[in-house]
Amino acid sequence: MENKRQSMFEIFRGFIAIAIAILVAFILILICADDPGKALECLLIKPIISNGALNTKSIFTILARMTPVIFTGLAVCVMFSANQFNLGGEGSVMLGGFVAAIIAINIPMATGAHVFVAVLAGTMIGGLVMIVPAVIKVKLKASEMVCSLMMNYVIMFAILHFLNNKFADRSKGATQTYPFLKTAVISKMIPGTELSWGFLIAIIATVIVAIFMYRTRWGYSIRMIGINESFSKYSGMKVGGMIVLSQVIGGMLSGMGGAIEMLGRYNTFLWLDLPGYGWTGITVAILAKNNPIMIPLAALFISYLNRGCELMSIYAGVPAEMIDIIQAVIFLFFAAEHFLSGTRQKIVVKDAKEELQKKELASEGGNA
Amino acid sequence: GCGGSKANTDADNGAAADNEKKVYKVCNLVNGTLGDKSFFDSAQAGLEKLKADGRIDFTTIEMGGTTEDQAKWQGYLEEVSASGDYDLIICGTYQMPDYLKNVSEMYPDQKYLIYDDTTHQLPNVANLSYAQNDLGYLVGVYAGAMTTETSVEGMNEDAVVGFVGGVDSPVINDFLYGFILGAQESNPDIKIDTRYVNSYVDPAKAKELAESMINDKKCDIIWGVAGNSGNGAAEAALETGKAFFIGVDSDQELTFSPELAAITLTSGLKNIGNSLIWFFDEWDAGVEHFGQHTLLGMKEGGIGVVTDKNYDSKTPEAVKEKVAAAIEAISSGDVVVPTAIGNQTDDVQQLRESVKP
Amino acid sequence: MFSQIIEMIFSASFGYSIIRITSPILFAALAAVVAEKGGVVNIGLEGIMTISALFGVLFAYWSNSWIIGVIGATAIGVLIAMIMAVFALKLKTDIILAGIAVNLLGGGGTVFLLFLFTGLKGNTASLTTPNMLTPKVNIPFLKEIPVVGRIFSGHSVLTYVAFLLVILVWVLLYKTAMGLRIRAVGENSHAADSVGVSVMKTQYIALAISGALAGLGGAYMSMYYSQSWNIGIVAGRGFIALAAQAMGQGQPVGAMLASLLFGFASALGNKMEGMQGFSSYLVASIPYAVTIIGLVIYSMSTIKKVKRFKDNEK
Amino acid sequence: MSDNDFVVQMKGITKVYPNGIAANQGVDFNVMRGEIHALMGENGAGKSTLMKMLFGLEQPTEGEIIINGEKVSLSSPTVAIAKGIGMVHQHFMLVPSLTVAENMVLGMEPKQGNKLFINYKKAVEITEEFSKRYNLYVDPHAKVRDIPVGMKQKVEILKALVRGAKILILDEPTAVLTTQETEELFKELIHLKEQGYTLIFISHKLNEIKQITDRLTIMRGGKSMGVYETAGISKEDISRLMVGRDVVLTVEKEQAHPTDVVLSVRNMEYTNEWNKKMLDKLSFDVRKGEILGIAGVEGNGQRELVDMLFNLNVPDGGSAKVNGKNILGRPQREIRDMGVSLIPEDRMTFGIAGGGTIEENLMSDRASDKRYNNGVLFNLNAMHNDSDQLIKDYKVLCKSRKQLVGMLSGGNIQKVVVAREFSSEPVLIIADQPTRGIDVGATEFIRKKLVELSREGAAVLLVSADLNEVMELSDSLMIMYNGKIAAYFEDTAVLNDTIMGEYMLGLKQQSVEEIGGVVHGE
Ligand SMILES: Nc1ncnc2c1ncn2[C@@H]1O[C@H](COP(=O)(O)OP(=O)(O)OP(=O)(O)O)[C@@H](O)[C@H]1O
Ligand SMILES: Nc1ncnc2c1ncn2[C@@H]1O[C@H](COP(=O)(O)OP(=O)(O)OP(=O)(O)O)[C@@H](O)[C@H]1O
Ligand SMILES: [Mg+2]
Ligand SMILES: [Mg+2]
């Protein structure tokens, strides 16, 4: 039972943190932009409102770009919940996208079924590869972090090898596959925008993951193992199996994110590097405090920020590399928990006192 | 301000108005970042020159080159097209055509230019491409002839040269294809050690590769076609003192420190900047290249080889003659170099393996 | 083909190559060890290395002295680590997020700074002069010994520093009061707190040391290895170092062995690329695959050891 | 008396934790120079919190602290240590991978001549010197993770002394000590007092309080209930002040009527990593309806035995069966399904997940039961209802079932563990130190419950270092020494401290026949 005044303060604290972050960013913008006022407008307002009207197209772009990071955010959420520092999201995303693409190109199927099968395959393979670090961890107690990090590179190079030597469309100058069959393309939720139905799947996935983590015995076990493994073992949970399960689910979510992003946004497979969504997923999960329901919100935050920076570079002449700096600054301040902790404590004390007083009055009343 | 990428002020407008020429408003979208000392920088330099001459007014936007950035490229194109602020929107590389196709169809009245790509043919898009296979051929002829010129200090008698590529991909292999054929033209028994860094930004790795080429395989000339990574190959040549380097895209002798410049024999040029100037010359003259593929080769000045400085001072006359003859043959069309781009078979790969030392 | 590989492995240049590849990773792995022992996960090593690499070049350029450059790189490494520390330790920003932020700064931030200070974009190749590069050191007697000399002599002075630091870090952690405190704080911060060891101060120190070590790694990259700075110069070595730390069980010597394993596999891959019939991409994955295999074998052997120990006792 | 007689004065102390719990409310607490002052109160009364503020680990929300007549701001333990305050914590504050000597000198490390390196030899010397001076034996070279709890406690006390503490806070120091060790400790405490040290002593054991303290302060619900001369107040009065009602200090229990063997252990053997034989051909049975107590000085194999029975470790040989089915090496799930429950000795490691809510902790062994699941999903109603019921039944002092367990006081944490383990309808309960660190009220409750369950037909294996507890609760009792059974008593009525002490210290050993009595089966 969170206190009203306290939760109000939490919201207020969030705003102040963002305000400070933006203030610092603004100082940087002042140095760089030709027109700082415009830059700030681009960063804050233009992503949703442009020329006094709702910038619907931009809004859909923001939503569209949330899609892959929602998936990786959820993946990190599940994997980290089991206290496994698994960084394999990157590899799973790329592999999921690649496998989905190969099926989308090479195995003709009916509409609907094709997308389903391709995404399913991407999901499965994404989960499958995560068995490796998970089992090595459970059976051999070897660091899952090392294993997953190294596996990302192995996966990437293997994909590039097959892409280049087996699946490349040699008529193209860029290293890419042949185009996906039409049946395998995830159609747009709103035509003419970047927003595909993948977004909806991401939202559904969020709900499912939230239910899984907080309303099922498996999610519960995973969380307890994450808090205290010895305790979970003693309580009779299948610790090893659950750890593997959590990593596989994380891999599946990442793989699904890769597959959906690939089929929802692109026409051919053209990722030549680890896509980076895995790392963004970590950021998202941390901002969301590992709470699945908060993941889309955190993803929105990042996506909005990205879009704002992009518009700054188009309209206000802020150089692209400033984006990284501004993002770094905003992350640092926004996630600073102890920021204003003194004030928070005062409110807590005040509340506690009021509560005690109330109790005393009540008990006196009762005695009388 | 600090915005290196941005350079539009109204400075020279007056002069242009006098000539009654149109000052084009141009947007240059870079799907990476400037500072590659290669084609993005080259395009930028061309635009700077046009601007200095009062012919255009331009904005450069760096969109970032990572896979995560890739998801934004089409968004940038759309946003810029929708703004309607520009007479011409420029972008480049083989990674952009599909996005450009989508957007150019949405904005049929907007004019676009894409350099270094031949994928699509669209009515409002001008495609400029460069005969890098020809370029590779010329560099190959030169390297193949030089490697046995023991009269040049530091050159050994073994007919072995090296090629450090960025990644194993069609564009890089297009350079390689010409390079191998050219080298074989000079010396049919030549061996070519090809290795890829798998990154355009890891000179350290390139250095290791090049050192192995030099120490293990006796390469004495290495052509680095690997962006920033190429510098590592140059350093390996300098450090071992047993090899020379050849640059790519722009004249790397000019961008290197004196020590590195000293062991750089020449550079194969991909003149993107020049080609943009050429494009505006044509446009002003009433010749529009929209809806066309324009291949810019030796003749059009799209490619070239640096022939002054080290080349001039270090190269024996006989070799110079060979290179000159090759340039002539390419320009006249007597020699036609096959291209790796769009080559549906494994020709390049097979050739590459067959000439390994 | 195998004879070719064997021949390469037993060449002096191979050994030399391993040490050169290992050095920057070793610096960063030691940085990871110190931070980890103090209970902080320093995921920002990549960023710190990149930023230090840039400032190493800049300081060396301004002063025309590599020594100033190295000191500058180290100092900047400490500075960045301290920024991380203020946020992570004082303001309680999640340490992983703080690391990710530092890596972002290492990405775009460095490009921006380079432009700000020099007007250059992307790389500093045009600034480099011999005075800016850390010198190679020929070790008097060692140099003369046939193969061994060529493997171990003639490296950058920083390489010797790196291997010396393995010992120094070990001594720091296991023989000094500060080391004892760092380990205590990392393992049970309440225990340290309850005897008057300031947890925050100790972690500040651990991060500062970590930053300094990573800074040296950055200096090695730009002031010796690549001889100039460019975007993305560190190319994942900061992450590999994290892996080396974990694989080396958080011990300095273990981290060194893990770094050497990675160096060995990389050197092997580089050489194999020169042979016929190897896919460049597959060869490139060798170091990473070898690391995984090494990890598995090592873990299996330790588990067996425990078992064997028990069997013997019976 | 004047203010000058007080070394410690805490005035109007209020402490509100960030989670809103007001652990202390306007507490006044004064300690006189050279006295042993007891601080008493139920679990969660706020004793540890008050002491943490005195030691600088927590900051009071309101109120002031005066040490030796000087108003101080104890912003950190460093400051408190400098003021001559030392504290032995309720939960160990040790670094497991460091040696005892290293733990001893942490923060005040002796240096070599060059001021750079630790003088490890000196650290060992210091440890040995203090160990000898205060008669608290520890092994300076052993890593803390390898030493038994008793020794850990001694290290904690030595740690405070070595820092020159003149005012020593002991937060339940005897909870993990054997009678003999406690006696030793008390001698030392009195010795310290004679030397002018001031001692603040927290304990739930009334006997101990009566035995050594001069005055006592009683806390209830975060408030001080007054200060008393120990000599002038009876145990019963203390209990009443603490709990607010009369407490029955001895457990009434009917005669046991044991029937079938539930747990049978045969020839169990185990040698630990340091080559010490911890279990030596151990055989015994526990029958339905009886409480079999295991007494013994800690470190004589009790911990290992319990670990084996719950598959937290695997023995080198022997067998253990529950109702005829092997439990060695079986997954905990299976063992629990056979009806075995365990109250673990180390509750912080095994008993709870501190970052989980009370409800999550109560459900940990049964979350996959049909009762709490509707198909794939949890039946939250059933969970909430049962948790609330358990919280009520076991009197867990908390705001709600959603509170994090890690934020509860030590005793309430144990109640959560006990509530879970007793409520799963066990056929065999292994209770390892079930009332360690628990207030009289709760102890009474748990002991009653244990007897009740055994009379209802559960087999109970009780391991306890608290001699009174084992003697009082057990129907029959065995004493372990050196991994073997030193003695077995079918009837505990004949026992007293002296007899047990002789067996526990290995001075006496029963014959094979006598010991054989503990094997009831085949
Ligand atoms: N003579 C000594 N001088 C200084 N320190 C000592 C001495 N003997 C033991 N130690 C301490 O005992 C511990 C064991 O030393 P060792 O180097 O074997 O640790 P380790 O192998 O790293 O152990 P772990 O893996 O548990 O950390 C160290 O913490 C070390 O500081
Ligand atoms: N770190 C903390 N954060 C929040 N609440 C806490 C914290 N530590 C203790 N509490 C709460 O403060 C109250 C007093 O706890 P404290 O540990 O002082 O009790 P105690 O008297 O020492 O009890 P016990 O005899 O069980 O050890 C309890 O309700 C407890 O839940
Ligand atoms: Mg030659
Ligand atoms: Mg307490």
Side-chain angles (χ1 to χ4, degrees), chain A residues 17 28 31-32 80 85 87 132-133 136-137 139-165 274 279-280 282-283 285-287 289 319-341, chain C residues 41 43 47 83-84 86-94 96-98 100-116 121 231 236 239-240 242-247 249 258 262 279-292 294-296 298-300 302-303:
Chain A
L28 291 170
I31 314 175
C32 289
F80 281 23
F85 200 56
L87 303 177
V132 178
I136 290 180
K137 169 65 179 284
K139 290 279 172 218
L140 300 176
K141 307 248 173 299
S143 159
E144 74 284 0
M145 191 259 271
V146 180
C147 191
S148 59
L149 197 60
M150 296 293 115
M151 250 176 59
N152 286 341
Y153 293 103
V154 175
I155 289 173
M156 174 184 83
F157 285 121
I159 289 176
L160 291 178
H161 170 77
F162 287 111
L163 173 61
N164 202 44
N165 293 309
L274 292 169
W279 284 107
T280 313
I282 295 177
T283 309
I286 293 172
L287 290 178
K289 301 220 165 73
E321 53 272 12
M322 276 300 295
I323 295 177
D324 284 347
I325 303 181
I326 291 169
Q327 285 199 349
V329 168
I330 289 183
F331 288 165
L332 285 174
F333 276 98
F334 184 66
E337 304 236 332
H338 261 206
F339 179 66
L340 293 182
S341 58
Chain C
V41 186
I43 214 158
I83 293 175
M84 248 178 104
V86 169
F87 278 98
L89 304 178
K90 195 160 168 53
L91 294 174
K92 300 284 178 224
T93 302
D94 187 290
I96 304 287
L97 197 57
I100 290 177
V102 167
N103 289 340
L104 279 173
L105 289 177
T110 44
V111 179
F112 171 71
L113 290 170
L114 174 64
F115 185 80
L116 200 66
K121 292 215 89 179
I231 310 175
F239 294 118
I240 310 251
L242 281 180
Q245 181 278 134
M247 196 171 162
Q249 310 287 302
F262 189 87
S279 154
S280 154
Y281 290 116
L282 293 186
V283 167
S285 73
I286 289 177
Y288 306 99
V290 166
T291 304
I292 297 177
L295 181 70
V296 168
Y298 176 76
S299 307
M300 262 159 50
T302 43
I303 280 188

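Numbered from 1 within each chain, the chains take letters A, B, ... in sequence-line order. Source: prediction; values computed, not measured. Side-chain atoms are counted along with the backbone in the values below, which use heavy atoms only and exclude waters and symmetry mates.
Contacts of C/Phe239 with chain A are made by both backbone and side-chain atoms, with heavy-atom separations under 4.5 Å. With a 4.5 angstrom heavy-atom cutoff, C/Ile286 does not touch chain A via any of its atoms. Proximity to chain C (any heavy atom under 4.5 Å) is restricted, for A/Phe85, to the side chain, taken from C-beta onward. If you measure heavy-atom distances from A/Met156 to chain C, you find no contacts under 4.5 Å at all. Of the atoms belonging to C/Leu89, not a single heavy atom falls under 4.5 Å from chain A. Using a 4.5 Å cut-off between heavy atoms, A/Leu149 touches chain C through its side chain atoms alone.
Listed options A/Leu287, A/Ile330, A/Asn164, A/Leu87 were ranked by heavy-atom pairs under 4.5 angstrom with chain C; first place goes to A/Asn164. Between chain C and the residues A/Val329, A/Ile136, A/Val132, A/Val146, the largest count of heavy-atom pairs under 4.5 Å involves A/Val146. Among the candidates C/Ile240, C/Leu105, C/Thr110, the residue making the largest number of heavy-atom pairs closer than 4.5 Å to chain A is C/Leu105. The greatest number of non-hydrogen atom pairs below 4.5 Å with chain A, out of C/Ala284, C/Gly236, C/Ala246, is found for C/Ala284. Of the residues considered (C/Ala244, C/Pro287, C/Ala243), C/Ala243 shows the highest number of contacts with chain A, using heavy-atom pairs under 4.5 Å.
Closest approach of A/Val154 to C/Ala289, counting heavy atoms only: CG2-N, 3.7 Å. A pairwise comparison of heavy atoms in C/Ala98 and C/Ala88 identifies CB-CB, 4.5 Å as the closest pair.
The aromatic rings of C/Tyr288 and C/Phe262 stand perpendicular to each other, their planes meeting at an angle above 60°, with 30° marking the opposite boundary.
Checked against side chain to side chain contact (heavy atoms under 4.5 Å, CB included), A/Ile286 has the following partners two or more places apart in sequence or in another chain: A/Ile282, C/Asp94, C/Ile96, C/Leu97. Annotation: side chain to side chain contact (heavy atoms under 4.5 Å, CB included) contacts of C/Ser279 (sequence neighbours excluded): A/His161, A/Asn165, C/Tyr281, C/Leu282.
Proximity of C/Leu104 to A/Phe331: side-chain heavy atoms (C-beta onward) are separated by under 4.5 Å at one or more points. Looking at heavy atoms from C-beta onward, A/Trp279 lies in side-chain contact with C/Ile43 at the 4.5 angstrom threshold.
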